[in-house]
Chemist: 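Below is one structure. I have some questions about it.
By convention here, the first residue in the shown sequence is residue 1.
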Amino acid sequence: MDSESLVRELRGFVGKRGAPEVARDPVNQPMIRHWCDAMEDANPVYIDAAFAARSVHGQIVAPPAMLNAWTMPGLPGRPAGRSDPAGEVYRALDAAGFSSVVATDSAHEYPRYLRLGDLVQGVGEVEDVSDEKRTALGVGHFVTTQTSYTTQAGELVGRMRFRILKYVPGTGRAAPEDAAQAAAPRDLPPRPPRRTATLRAGDVKLGDALAPCPVPITATRIVAGAIASRDYQDVHHDRELAKLRGSPDIFMNILTTSGIVARYASDWAGPEALLRRLSIRLGAPNYPGDVMLMTGTVSAANGRELEITLRGDNRLGPHVTGTLALTL
């Protein structure tokens, strides 16, 4: 099938919604703790019941960036026979040779934080399938989906726009085998301490810089983040299969990057700052043996409402760029 015919066929799925994806378990403390361990996130509203009870939440809440981890199918995968337009698009691209996959963009909205006992379900919709593109990774198509998340009572708790690239392995620019060592070592600052008292509106002004924060990238961190987010794509844990798909090594998944970005913001703003939106785009992969340096700036300030523009750079260049909105 030629490229135009393939795109025409795949765009027939645009606007179609899948069956509800119901979480295998209600929101629970062990899974939250597992996520926090993987992200090195010590925010007490997630893990300290006594602190959380005194907080603006009044109880333990789940890290907001963990939103779509609850409905991920895990290692067993999605059951056969389920209505899944996005899955149909991915399978058609696989059959056409676009068998490698990488997430490129993610945008979350958090109307409210999830609480222990919430049973989350997500309903996804195919939003767009791009024409064939030539990218650094290879020739492929971008697929964009939109998912809304609700509780068992039907309350909206989140939205996610997600974009992946499905590409033909071996058609892009080859990354160096020792990708993380591709540039000279850098002098890096220590990790800044986590703020224990939340900032107030008068403490922050437009242009304020967040303290730079180094994030060591190890194979353990990459695999731990993938498991905590229930993402079993082989490129995040199996080096040999990652190499077969055109990567020099395993690399960090976008869900871990989202968790680290959210941790960076809440460590700076304090434990009771509320994350409202998170929008990121990925660039250079985070490979084992590197260090990502997070930096950020207050790009908008309106009373208690802030916007932070941020980036995380590794030795290959910017791994992540984006913005997030906080309420103090």
Side-chain angles (χ1 to χ4, degrees), residues 1-21 67-68 71-73 77-109 122-149 158-175 229 231-236 241-247 251-255 257-258 278-285 317-322:
M1 184 184 297
D2 63 67
S3 175
E4 288 186 5
S5 298
L6 176 63
V7 171
R8 189 161 51 248
E9 176 186 315
L10 297 181
R11 284 182 176 158
F13 291 98
V14 170
K16 292 187 176 180
R17 306 176 78 192
E21 187 89 56
L67 175 65
N68 56 315
T71 58
M72 291 286 280
R78 290 178 170 85
R82 176 182 168 274
S83 172
D84 182 15
E88 293 291 333
V89 171
Y90 303 151
R91 285 187 285 274
L93 287 169
D94 283 339
F98 302 93
S99 56
S100 289
V101 61
V102 63
T104 61
D105 304 74
S106 182
H108 286 188
E109 297 176 26
V123 175
E125 177 180 323
V126 179
E127 192 171 88
D128 186 47
V129 180
S130 78
D131 292 330
E132 186 174 288
K133 305 286 186 181
R134 180 167 293 280
T135 74
L137 287 172
V139 175
H141 297 268
F142 292 93
V143 182
T144 307
T145 56
Q146 173 83 28
T147 304
S148 296
Y149 296 89
R159 297 185 185 89
M160 178 183 70
R161 176 173 283 109
F162 196 66
R163 182 176 291 118
I164 65 167
L165 171 67
K166 293 281 289 177
Y167 65 97
V168 180
T171 58
R173 295 198 299 268
S229 58
D231 182 355
Y232 287 88
Q233 284 285 344
D234 48 35
V235 292
H236 304 311
L241 287 178
K243 291 175 74 173
L244 284 176
R245 294 185 182 277
S247 175
F251 55 89
M252 182 174 286
N253 72 345
I254 194 169
L255 307 181
T257 301
S258 296
L278 172 63
S279 178
I280 62 171
R281 172 171 292 184
L282 297 189
H319 166 69
V320 60
T321 55

Chemist: If you draw a 6.0 Å radius around CZ in R281, do more than 12 non-hydrogen atoms from other residues or ligands fall strictly inside?
Modeler: no

Chemist: Just by distance, do the side chain of T145 and the backbone of G124 share a donor-acceptor pair under 3.5 Å?
Modeler: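 No; zero donor-acceptor contacts below 3.5 Å.
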
Chemist: Keeping H236 on the side-chain end and F251 on the backbone end, is there a donor-acceptor pair under 3.5 Å?
Modeler: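 Yes, H236 side chain to F251 backbone: donor-acceptor pair under 3.5 Å.
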
Chemist: Report the distance from atom CZ of F162 to atom CD of Q146, rounding to the nearest 0.5 Å.
Modeler: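 These two atoms lie 12.5 Å from each other.
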
Chemist: For R163 and T144, which I'm curious about, is there any donor-acceptor pair between the side chains at under 3.5 Å?
Modeler: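 Checked: R163/T144 side chains pair up, N/O donor to acceptor below 3.5 Å.
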
Chemist: Calculate, to the nearest 0.5 Å, the distance between atoms CG and CG belonging to N68 and L255 respectively.
Modeler: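 Rounded to the nearest 0.5 Å, the CG-CG separation comes to 5.0 Å.
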
Chemist: Within this structure, what is the CG-CZ distance for the pair L10 and F98, rounded to the nearest 0.5 Å?
Modeler: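 With rounding to 0.5 Å, CG (L10) is 9.0 Å from CZ (F98).
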
Chemist: Using distance alone, with no hydrogens and no angle criterion, decide if S229 and N253 have a side-chain donor and acceptor under 3.5 Å apart.
Modeler: yes

Chemist: Between Y167 and V139, is any pair of side-chain heavy atoms under 4.5 Å apart?
Modeler: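 A side-chain contact under 4.5 Å is absent here.
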
Chemist: List the steps and the verdict of side-chain hydrogen bond (donor to acceptor under 3.5 Å, both in side chains) for S279 and H108.
Modeler: CA-CA 6 Å; S279 178; H108 286 188; over 6 Å; no

Chemist: Take atom CZ in R91; do more than 12 heavy atoms of anything else shown fall under 6.0 Å from it?
Modeler: yes

Chemist: Are E125 and K16 close enough for a salt bridge, meaning some N to O gap below 4.0 Å?
Modeler: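 Here E125 does not pair with K16 in a salt bridge, since their nearest N and O are not under 4.0 Å apart.
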
Chemist: Does a salt bridge link K166 with D94, judged by any charged N lying under 4.0 Å from a carboxylate O?
Modeler: yes

Chemist: Kindly compute the distance separating CD1 (I164) from OG (S106), expressed to the nearest 0.5 Å.
Modeler: 12.0 Å

